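The block underneath contains the structure these notes are about, expressed in structure tokens.
Both backbone and side-chain heavy atoms feed into the values below; hydrogens, waters and symmetry mates do not. Numbering starts at 1 and runs along the sequence shown. From a predicted model like this one, the values you see are computed outputs, not experimental measurements.
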Amino acid sequence: MASFSSFLFRNFTLVIVLMSVSFSNAQPTSSSRPQGVVLPITKDASTLQYLTYMKQRTPLASESLVIDLAGEFQWVDCENGYVSSSNRTLRCSGKECGWISSVSCGRPPTPPGFQPCLGYVYLSNKGVFASDVVAIQSSVNGSITGPHVAIKKFLFGCGSTSLLQGLAKGVKGVAGFGPFQVSIPSQFSLALRIPRVFSMCLPSSTAFSSKGVIFVGGGSYKMQPGIDLSTSLTYTPFYSSLIGPTYTSGYYIQVKSINIGGKEVPMVSDNTTFNSLGFMKLTSISTLNPYTVLPSSVYKPFVSIFIEKSKAMGIARVASVAPFGACFDSSNIISTRLGGLVPEINFVLHTKKAVWKFSASNSMVKVSNNVSCLGFVDGGEFANLVIGGHQLEDYLLEFNLAKKILGFTSALAQQTSCSNFKLAR
């Protein structure tokens with residue numbers, strides 16, 4: 001009888017905890033349902049990775065996670081200190097397990113019994129998939145603080161502590177924001193009945209107080225001093241999976257041409273990197289690559305033209321600093337609100353009207369007091385074009401998962417920055 005009473009007490013306590021944090025997953029009314037949720041972003045100074053934070057488990061505990069824009073789902077270290085009374089392993093035969101692309105449950109157990117949902121949680125490392133409670137900050141119209149809301153059956157992968165190697169110090173796992181059914185924005189949208197849209201504004205500073213922001217549910221997007229970024233977006237289609245040398249999934253856009261200071265960069269056509277329409281295959285957007293990667297056939301003329309245009313502006317070249325191929329005397333660079341007067345780099349996308357402009361704050365990297373380098377790297381002969389984190393900072397990127405379109409702003413430095421987001425109360 002004592003054991004049965006203990007069982008009732010534990011379950012009654014769990015119900016009370018879940019009721020105290022959860023406003024979702026329980027048929028919310030139109031008046032109580034959040035319009036969106038927000039997550040903070042910081043930049044790690046050591047790894048240059050971008051981190052976000054959310055509360056998970058019962059009782060709730062805050063977790064820091066590396067943002068992977070192309071990641072399929074969230075995974076955390078369950079091996080070291082993950083304790084939660086609401087954690088539940090997924091059943092291999094359950095529908096939720098079938099939503100995960102990497103699942104490989106193996107043969108049914110003999111005799112028949114519970115078979116856990118198993119698959120690759122990170123790279124080629126296997127783990128078990130589970131569900132647990134997560135709690136996040138809601139918002140009203142992208143500008144006003146709402147109540148914390150909880151998702152009771154949030155799907156995630158359980159990894160081992162060894163998988164944290166190479167990630168920022170103190171993080172507990174990786175947060176996947178890819179175009180998948182079990183990614184963070186997809187799960188939030190389904191559970192909270194908000195639009196399948198999320199936006200990301202990466203901070204350029206590594207100071208912990210300089211936080212960027214992720215919106216899930218759509219705009220408006222209010223930044224200090226009262227600027228709504230949803231009114232200044234340029235749109236281009238994105239593709240969630242492409243077949244090139246290898247099959248990959250994520251966010252891919254067309255880059256038809258590149259010009260620097262008005263001069264077009266020669267983009268040598270070959271069967272691996274370019275298609276018959278003349279745009280780069282597998283032009284992906286990545287938060288894990290700190291800088292934009294170009295294939296050698298594009299990188300060499302790219303750097304050559306930038307050096308040529310910089311020399312015409314009186315900017316002297318100095319010895320290169322790895323991993324960059326072109327560095328300059330920063331005392332020759334005139335300071336502006338956009339980080340300095342250097343040749344402007346333009347990526348022309350699916351139409352000539354859709355141009356992604358990179359000014360000095362996104363094209364140059366300060367490596368010392370007197371030296372700044374062109375923040376693009378040579379990926380080798382067979383590399384794909386990858387737009388990396390430094391080039392994404394202080395832009396608002398809106399990913400509409402339902403319509404498969406990407407919206408992006410021009411550089412925010414003229415008016416504000418990603419660190420200038422603050423919810424009103």
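Distance alone, capped at 3.5 Å, is enough to place a donor-acceptor pair between the Ser138 side chain and the Pro147 backbone.
Sorted by first and then second residue, the salt bridge (charged side-chain N to carboxylate O under 4.0 Å, His left out) pairs involving residues 48-59 (not counting sequence neighbours) are Arg57-Glu63. Screening residues 165-185 for ring pair (Phe, Tyr, Trp, His ring centres under 6.0 Å) gives Phe177-Phe198 as the qualifying pairs, with residues at least two apart or on separate chains.
Between Tyr82 and Phe156, the distance from one ring center to the other falls under 6.0 angstrom. Between Phe376 and Phe302, the distance from one ring center to the other falls under 6.0 angstrom.
Shortest non-hydrogen contact noted between Pro301 and Ser296 is CD-O, 4.4 Å. Residues Ala168 and Gln49 share a closest heavy-atom pair of N-OE1, 2.8 Å.
In this structure Phe324 satisfies the ring pair (Phe, Tyr, Trp, His ring centres under 6.0 Å) test together with Tyr291, sequence neighbours excluded. Annotation: side chain to side chain donor-acceptor pair (under 3.5 Å) contacts of Lys172 (sequence neighbours excluded): none. In this structure, the ring pair (Phe, Tyr, Trp, His ring centres under 6.0 Å) partners of Phe358, at least two apart in sequence or on a different chain, are Phe347, Trp356. By the side chain to side chain donor-acceptor pair (under 3.5 Å) test, Asp44 pairs with Thr47, sequence neighbours left out.
Taking NZ of Lys211 as the reference point, atom CG of Leu39 lies at 13.0 Å (rounded to 0.5 Å). Atom NZ of Lys357 is separated from atom CG of Asn362 by 13.5 Å, given to the nearest 0.5 angstrom. Interatomic distance, Tyr395 OH to Ser204 OG, rounded to the nearest 0.5 Å: 11.5 Å. Here the straight-line distance linking atom OG of Ser372 with atom CD1 of Ile333 works out to 5.0 Å at 0.5 Å rounding. For the atom pair Leu164 CG and Lys169 NZ, the distance stands at 13.5 Å (nearest 0.5 Å). With rounding to the nearest 0.5 Å, the separation of NZ in Lys43 from SG in Cys418 is 11.5 Å.
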After noting the C-alpha distance and the side-chain angles of Val365 and His390, does the key distance pass the side chain to side chain contact (heavy atoms under 4.5 Å, CB included) rule?
-> CA-CA 8 Å; Val365 177; His390 184 72; 3.7 Å; yes
task: Would you please test Val355 and Leu349 for side chain to side chain contact (heavy atoms under 4.5 Å, CB included) and show each step?
output: CA-CA 6 Å; Val355 180; Leu349 307 182; over 6 Å; no
Practice task
I would like to know whether Gln56 and Gln74 meet side-chain hydrogen bond (donor to acceptor under 3.5 Å, both in side chains); could you show each step before the answer?
Solution key: CA-CA 12 Å; Gln56 188 167 332; Gln74 176 174 311; 2.8 Å; yes
Do Ser101 and Glu72 pass the side-chain hydrogen bond (donor to acceptor under 3.5 Å, both in side chains) test, and can you show the C-alpha distance, the side-chain angles, and the key distance before you say yes or no? CA-CA 8 Å; Ser101 67; Glu72 183 180 1; 2.7 Å; yes
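Using modelled atom types and a 3.5 Å distance limit, the side chains of Asp68 and Tyr50 yield no donor-acceptor pair. A donor-acceptor contact under 3.5 angstrom links the side chains of Ser186 and Ser183, judged on distance only. In the model, Glu79 has a side-chain atom that pairs as donor or acceptor with a side-chain atom of Thr161 under 3.5 Å. Looking at Ser86 and Lys152, their side chains never bring a donor and an acceptor atom within 3.5 Å of each other. Under 3.5 Å, the side chains of Tyr251 and Ser240 contain no donor-acceptor pair of N or O atoms.
Cys pair Cys92/Cys97: SG-SG separation is not below 2.5 Å.
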